[in-house]
Protein chains: 2
Amino acid sequence: MESAKTAGATAGRPRLSGSADGSPRQEIIREATALFVAKGYAETTMSEIARSAGLRQSSVYYWFARKEHILQALLEENRTSLQVAQTLEPAPGPASARLYAVLHADAVQLCASPLDFYEFERVARSQPQNFGPFFEDYGELHRLVTSIIRQGLDSGELRDVDPEAAATAALSLNEGLQRHYRQPLPGLRTYTADDVSTLSADTTLASLLLTPDGLPGVRPEAAALATGPTGGLARVNSPAES
Amino acid sequence: MESAKTAGATAGRPRLSGSADGSPRQEIIREATALFVAKGYAETTMSEIARSAGLRQSSVYYWFARKEHILQALLEENRTSLQVAQTLEPAPGPASARLYAVLHADAVQLCASPLDFYEFERVARSQPQNFGPFFEDYGELHRLVTSIIRQGLDSGELRDVDPEAAATAALSLNEGLQRHYRQPLPGLRTYTADDVSTLSADTTLASLLLTPDGLPGVRPEAAALATGPTGGLARVNSPAES
DNA sequence: CGCTGTTTCGATAACCTATAGAAAGTCTTG
DNA sequence: CAAGACTTTCTATAGGTTATCGAAACAGCG
């Protein structure tokens, strides 16, 4: 037991519907992602995922022991805003611009993610042991944002607020607005991903700066930071067991 | 058919487990609410609701044709912040204080509601025809908040922003923070309902006022509005069919 | 050619929502 | 006060879901 289960496609019993293109694992993730985007996680069944990937329902369980594991694998391929925060927190320059850049990048990522943040959170909470990294990443992002706000406080750029509460509010706004981008409520205006990201970062900075007049100056600085020192992504590609 | 189905408890086949205390419908709502609060909507089964209410699983369907109808009935008993907004939107006095009062009241209600806002929204979206009132109420709240912001713009109390986008951001912040109150993430500080409500209203007002210095003055004005002209609640009590 | 390891399949258990129709009372009415 | 109508609950079951189990079908190797 506990064998290779690598990306090969030749061994094993052949599928009824032709054979796989590439790694079955990646293929399942790809098809599941498309279905999650279209219908949401809870409303997507393992049978549908199997049909899209070209296997039978029970065969998917050879690659992912539980439905949540597919979501987990999907999550691990989508983390960039944390890297932006890790880069910018210790960077020099005004804290307000770095804060703007981090919040904007986070909002963009939330909008671009294949799944609603709250769906991730819901599933993560029901399987805490499998989603440790999710909570750790969130905690670290919160810590970094708190730190940047504290820097802005010390340098006199920002109003006197509780840095930790302000970070919670800033991230909450990102999460709440992400939802309005992703699922526009009937009768309300629809926004692009950049609309909500700018709206969120603008709002948070306006609430934290000593005077909102500073906002127009912060935006170009933040844009320079965002285009400049951006790191690449690390990708994971290994079959999951158990 | 299409008969009374009123609150009476005497007619009909008797229950295996004694008979009902009051209106079966209200009893089901009460027990279901407790379970939803404890475990969330999706994780609560009709069998559990039935057991708590003292009937068999299928008997619940006599009172509620679908599981979502219980949620819908529950929702109709919990709307107060919209009334606050309807009262304060046309009221005289500074717009900033009225805005603060409305946002704070909305956040308090979101925290006090038995169910997560996003669970309501999720179910509402899957059953749009049954949850028309939910979307209408939300749309009206958004419209009222937009109007108050526009008043503040006209009176020169608030910065020059897009009122509709600002309203979306304000409500998103309420919704996002509600989540942090309701389901604190591991490793982060926990907040009381009043903490998050004040944090939310503070943040939004700080982002909209011409200068954040005005914030300490707005809070007491808003508090006076909140305690003063508050209307009572309208309650609904009729059995649901279809 | 038989053995081992890998991958897929079919069957099935356990649980869920929802429906159908019978059953067990009360209420009304002649 | 008996017969039927009405109300409410029950049992039984259909059909869909996640997840498990063991057999089946292939490749590669001695």
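Every chain is numbered from 1 and lettered A, B, ... according to where its sequence line falls, protein lines coming before strand lines.
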Fill in: Set of ring pair (Phe, Tyr, Trp, His ring centres under 6.0 Å) partners for Tyr61(B), sequence neighbours left out
none

Worksheet item: To the nearest Å, how far apart are Arg25(B) CZ and dT9(D) C1'?
Response: 17 Å

Worksheet item: Can you tell me if Ser147(B) uses its side chain to pair, donor with acceptor, with the backbone of Arg143(B) under 3.5 Å?
Response: no

Worksheet, complete the sentence: Per-helix bend value, the helix from dC1(C)-dG30(D) to dG30(C)-dC1(D), C1' rotation axes over five pairs per end, 10° rounding, shows 30°

Worksheet item: dT7(D) C1' sits how many Å from Tyr61(B) OH, rounded?
Response: 21 Å

Item to complete: Output the single nucleotide from dC10(D), dC26(D), dT17(C) whose closest atom is nearest the side chain of Pro14(A).
Response: dC26(D)

Practice prompt. Round to a whole Å and report the spacing from CG of Leu55(B) to P of dA24(C).
Written response: 17 Å

Worksheet item: Is any side-chain nitrogen or oxygen of Tyr62(B) closer than 4.0 Å to OP1 or OP2 of dT9(D)?
Response: no

Practice prompt. Please identify each residue that fulfils ring pair (Phe, Tyr, Trp, His ring centres under 6.0 Å) with Tyr181(B), with sequence neighbours left out.
Written response: none

Worksheet, complete the sentence: Sequence neighbours excluded, the answer for salt bridge (Lys or Arg N to Asp or Glu O under 4.0 Å) partners of Glu48(A) is Lys39(A)

Practice prompt. Quick one: pull up CD1 in Ile148(A) and CZ in Arg98(A) and give me the separation to the nearest 0.5 Å.
Written response: 6.0 Å

Discussion item. Could you work out, with ring pair (Phe, Tyr, Trp, His ring centres under 6.0 Å) as the rule, every residue matching Tyr41(A), not counting sequence neighbours?
Written reply: Phe36(A)

Fill in: All side-chain hydrogen bond (donor to acceptor under 3.5 Å, both in side chains) counterparts of Ser200(A), not counting sequence neighbours
Asn174(A)

Worksheet item: In terms of side-chain heavy atoms, does Arg179(A) have a donor or acceptor partner in Gln183(A) at a distance below 3.5 Å?
Response: no

Response to the item:
Separation of dT7(C) atom P from Phe64(A) atom CZ, nearest Å, is 13 Å

Discussion item. If only side-chain N and O atoms count, and only distance matters, is there a donor-acceptor pair under 3.5 Å linking His180(B) with Glu175(A)?
Written reply: yes

Discussion item. Without decimals, in angstroms, what is the distance between Glu68(B) CD and dC16(C) C1'?
Written reply: 13 Å

Worksheet entry | Whole-Å distance separating the NZ atom of Lys67(B) from the P atom of dC16(C) | 10 Å

Discussion item. For DNA chain C, which residues of residues 43-54 of chain B approach it to below 4.0 angstrom with any heavy atom?
Written reply: Thr44(B), Thr45(B), Met46(B)

Discussion item. For residues 123-136 of chain B, which residue pairs pass the salt bridge (Lys or Arg N to Asp or Glu O under 4.0 Å) check, not counting sequence neighbours?
Written reply: Glu121(B)-Arg125(B)

Worksheet item: Does a donor on one side chain and an acceptor on the other come within less than 3.5 Å for Tyr100(A) and Asp202(A)?
Response: yes

Worksheet item: Separation of Ile28(B) atom CD1 from dT8(D) atom C1', in whole Å?
Response: 11 Å

Practice prompt. State whether the side chain of Ser207(B) and the backbone N or O of Thr204(B) hold a donor-acceptor pair below 3.5 Å, judged by distance alone.
Written response: yes

What protein N or O atoms touch nucleotides 10-13 of chain C N or O atoms at under 3.5 angstrom, if any, and at what distances?
unit_1, atom_1, unit_2, atom_2, d
dG10(C), OP2, Arg56(A), NE, 2.8
dG10(C), OP2, Arg56(A), NH2, 3.3
dG10(C), O6, Ser58(A), OG, 2.6

Item to complete: Could you tell me which residues satisfy salt bridge (Lys or Arg N to Asp or Glu O under 4.0 Å) with Arg13(B), sequence neighbours excluded, listed by chain and number?
Response: none

If you restrict it to nitrogen or oxygen atoms, what contacts under 3.5 Å exist between nucleotides 26-30 of chain C and the protein, and what is each distance?
none

Discussion item. Check the phosphate of dC9(C) against Arg15(A), side-chain N and O only, distance under 4.0 Å to OP1 or OP2. Yes or no?
Written reply: no

Worksheet, complete the sentence: Arg66(B) CZ to dT17(C) P, in whole Å, measures 13 Å

Practice prompt. For Gln72(A), enumerate each residue passing the side-chain hydrogen bond (donor to acceptor under 3.5 Å, both in side chains) test, keeping only those at least two apart in sequence or located in another chain.
Written response: none

